[in-house]
Amino acid sequence: MFSKLMAEEAYVSMFIGDSSRPGSLDGLRVLLHSLRRHDARRPFVLMTVEPLRGEAAAALQRAYPLRVVQVPELRSTDAACLTTLDARLGVGFTSFNVWNLTDYRKLVWLEADQLVLQPLDALWSSLDGPRDARVSRNVPAAAAAKTLLGPYSSCERGRKSSKFNTGVLLLRPSKKRYGYFVDALRGGKQANYTCRDGFQTLWNRLMRGRVRCVERSFNCIAQRDLLAPR
């Protein structure tokens, strides 16, 4: 049972940059340290565009063994996207490769600036319950928290929002869904989308009706940080 769980479920994040630069992997190390305090069983997968190299990468692997998967860099070629896109966010589309990791039945995606403060068992099981007709008539392919401002914590109460935050996700990998994302990046059926918040607009557009809402506590930020001038 233990090996089957490890084979079917994993955490995944992404690193893009020069891993040999001093301090480049510090954020990832903090994420892994916080994660392993609460889940020492499920493996961790790191997507990279370039191979990890340098002493910092070797030290990270010794402390927190992980599977490194090299993936192609993905960028949008859609004209409407490019006119609204902050250049530094363009590489974020590479995260869509997570849908292609079909070696796993379920993945929890964590952006590398996260801290895991409690066990994530409730998140892992959030796609296993009965289908909620109020949210979607389709089988959900992912679970995420809404992007909300203010002291709102529930999927049912507070300010309504149709946008999900992609910093923390539970998802079922699918080559078919990966194909939808790649097609949209190349200007396919979902062409003419804006990218003011990077890849999240397109993600929400393609996943409309296929996301189950989870409590905001799975992906929150301190108000003093959210409202800070810088």
Side-chain angles (χ1 to χ4, degrees), residues 9-19 23-39 42-50 52 57 60 64 66-76 85-101 104 106-120 123-124 126 141-149 161 163-173 177-178 181 185 195-204 206-207 211-222 225-226 228:
E9 299 178 352
Y11 296 96
V12 59
S13 190
M14 182 174 72
F15 175 82
I16 295 180
D18 183 0
S19 59
S24 61
L25 297 174
D26 286 355
L28 182 62
R29 186 167 64 248
V30 172
L31 166 63
L32 283 166
H33 178 74
S34 69
L35 174 64
R36 287 305 179 217
R37 292 180 62 190
H38 304 289
D39 190 341
R42 294 179 178 89
F44 189 88
V45 180
L46 183 65
M47 298 193 307
T48 66
V49 173
E50 301 292 338
L52 292 185
L60 182 70
Y64 303 105
L66 50 88
R67 176 189 176 193
V68 179
V69 177
Q70 237 177 297
V71 297
E73 183 175 313
L74 299 177
R75 289 183 179 270
S76 175
L85 179 67
D86 184 332
R88 67 187 177 85
L89 300 178
V91 72
F93 294 103
T94 301
S95 65
F96 292 164
N97 283 291
V98 69
W99 292 99
N100 204 31
L101 300 181
Y104 304 96
K106 289 193 295 186
L107 293 167
V108 164
W109 162 264
L110 299 167
E111 289 189 351
D113 60 353
Q114 304 287 339
L115 285 173
V116 181
L117 303 179
Q118 296 182 32
L120 297 177
L123 179 61
W124 279 109
S126 60
K146 292 287 185 73
T147 295
L148 298 173
L149 299 180
S161 171
K163 179 182 175 184
F164 290 92
N165 190 289
T166 60
V168 178
L169 302 168
L170 173 69
L171 58 91
R172 303 182 195 273
R177 193 156 297 279
Y178 171 71
F181 281 99
L185 291 177
C195 297
R196 291 184 179 86
D197 57 354
F199 65 88
Q200 291 200 68
T201 302
L202 179 59
W203 192 95
N204 276 273
L206 291 176
M207 293 297 294
V211 186
R212 176 163 289 169
C213 182
V214 296
E215 294 293 329
R216 188 185 177 199
S217 58
F218 282 111
N219 186 6
C220 59
I221 185 171
D225 295 329
L226 186 65

Exercise. State which residues pass side-chain hydrogen bond (donor to acceptor under 3.5 Å, both in side chains) with R36; sequence neighbours excluded, sorted by chain then number.
Key: none
Quiz prompt | Contacts of D26 that satisfy side chain to side chain contact (heavy atoms under 4.5 Å, CB included) - sequence neighbours left out | solution = R29
Self-check item: For the student: nearest non-hydrogen atoms of C213 and K146, plus distance
Solution: SG-CG, 3.9 Å
Quiz item: With sequence neighbours left out, what residues match S76 under side-chain hydrogen bond (donor to acceptor under 3.5 Å, both in side chains)?
Solution: Y193
Quiz item: If you measure from CG on L74 to CG on N100, what distance do you get to the nearest 0.5 Å?
Solution: 9.5 Å
Quiz item: Got more than 12 heavy atoms from elsewhere within 6.0 Å of CD, E73?
Solution: yes
Quiz prompt | Flag side-chain contact, heavy atom, 4.5 Å: M47 against V12 | solution = yes
Practice problem: With sequence neighbours left out, write down each residue that passes salt bridge (charged side-chain N to carboxylate O under 4.0 Å, His left out) with E50, or none if nothing qualifies. | Solution: none
Self-check item: side-chain contact (heavy atoms from CB on, under 4.5 Å) assessment of L206 paired with W99
Solution: CA-CA 13 Å; L206 291 176; W99 292 99; over 6 Å; no
Self-check item: Atom pair OH (Y64) and CG (L31), whose distance is rounded to the nearest 0.5 Å
Solution: 10.0 Å
Self-check item: Flag if over 12 foreign heavy atoms under 6.0 Å of CZ, R75
Solution: yes
Quiz item: If we only count heavy atoms from C-beta on, is the L171 to R177 side-chain gap below 4.5 Å?
Solution: no
Quiz item: Among all residues two or more places apart in sequence or in another chain, which pass the side chain to side chain contact (heavy atoms under 4.5 Å, CB included) test with A143?
Solution: S126, L127, L170, R212, V214
Practice problem: Dump the intermediate steps for side-chain contact (heavy atoms from CB on, under 4.5 Å) on L60 and L32, then the final yes or no. | Solution: CA-CA 9 Å; L60 182 70; L32 283 166; 3.9 Å; yes
Quiz item: By side-chain hydrogen bond (donor to acceptor under 3.5 Å, both in side chains), which residues pair with N97, not counting sequence neighbours?
Solution: Y178
Exercise. Just jot down the salt bridge (charged side-chain N to carboxylate O under 4.0 Å, His left out) partners of R67, sequence neighbours excluded, or say none.
Key: D103
Quiz prompt | Close side-chain approach of L101 and W109, heavy atoms under 4.5 Å | solution = no
Quiz item: Out of V45, L107, L120, which residue meets the side-chain contact (heavy atoms from CB on, under 4.5 Å) rule with Y11?
Solution: L120
Practice problem: Kindly write out the residues that satisfy ring pair (Phe, Tyr, Trp, His ring centres under 6.0 Å) with F96, not counting sequence neighbours, or none if the list is empty. | Solution: F93, F181, F199
Quiz prompt | Minimum heavy-atom distance between R42 and D39, given as atom pair plus value | solution = NH1-OD2, 2.6 Å
Quiz item: So how far is it from L117 CG to S217 OG, rounded to the nearest 0.5 Å?
Solution: 10.0 Å
Quiz item: What closest approach, in Å, do F15 and S24 show between heavy atoms, and which atom pair accounts for it?
Solution: CE1-O, 3.4 Å
Quiz item: Are the side chains of L46 and L52 in touch, meaning some heavy atoms are under 4.5 Å apart?
Solution: yes
Quiz prompt | For E9 against W124, the heavy-atom pair lying closest together | solution = CB-CZ3, 3.7 Å
Quiz item: Roughly how far apart are L115 CG and L110 CG, rounded to 0.5 Å?
Solution: 10.5 Å
Quiz prompt | Test side-chain hydrogen bond (donor to acceptor under 3.5 Å, both in side chains) applied to T48 - qualifying residues, sequence neighbours left out | solution = none
Quiz item: What residues form a side chain to side chain contact (heavy atoms under 4.5 Å, CB included) with I16, not counting sequence neighbours?
Solution: M14, V49, V91, T94
Exercise. Could you tell me which residues satisfy side chain to side chain contact (heavy atoms under 4.5 Å, CB included) with N165, sequence neighbours excluded, listed by chain and number?
Key: T147, Q200, N219
Exercise. Would you please name every residue forming a salt bridge (charged side-chain N to carboxylate O under 4.0 Å, His left out) with D113, sequence neighbours left out?
Key: none
Exercise. Could you tell me whether H38 atom NE2 has more than 12 heavy atoms of other residues or ligands within 6.0 Å of it?
Key: yes
Quiz item: What's the verdict on side-chain contact (heavy atoms from CB on, under 4.5 Å) for L202 and L185, showing C-alpha distance, side-chain angles and the deciding distance?
Solution: CA-CA 9 Å; L202 179 59; L185 291 177; 3.9 Å; yes
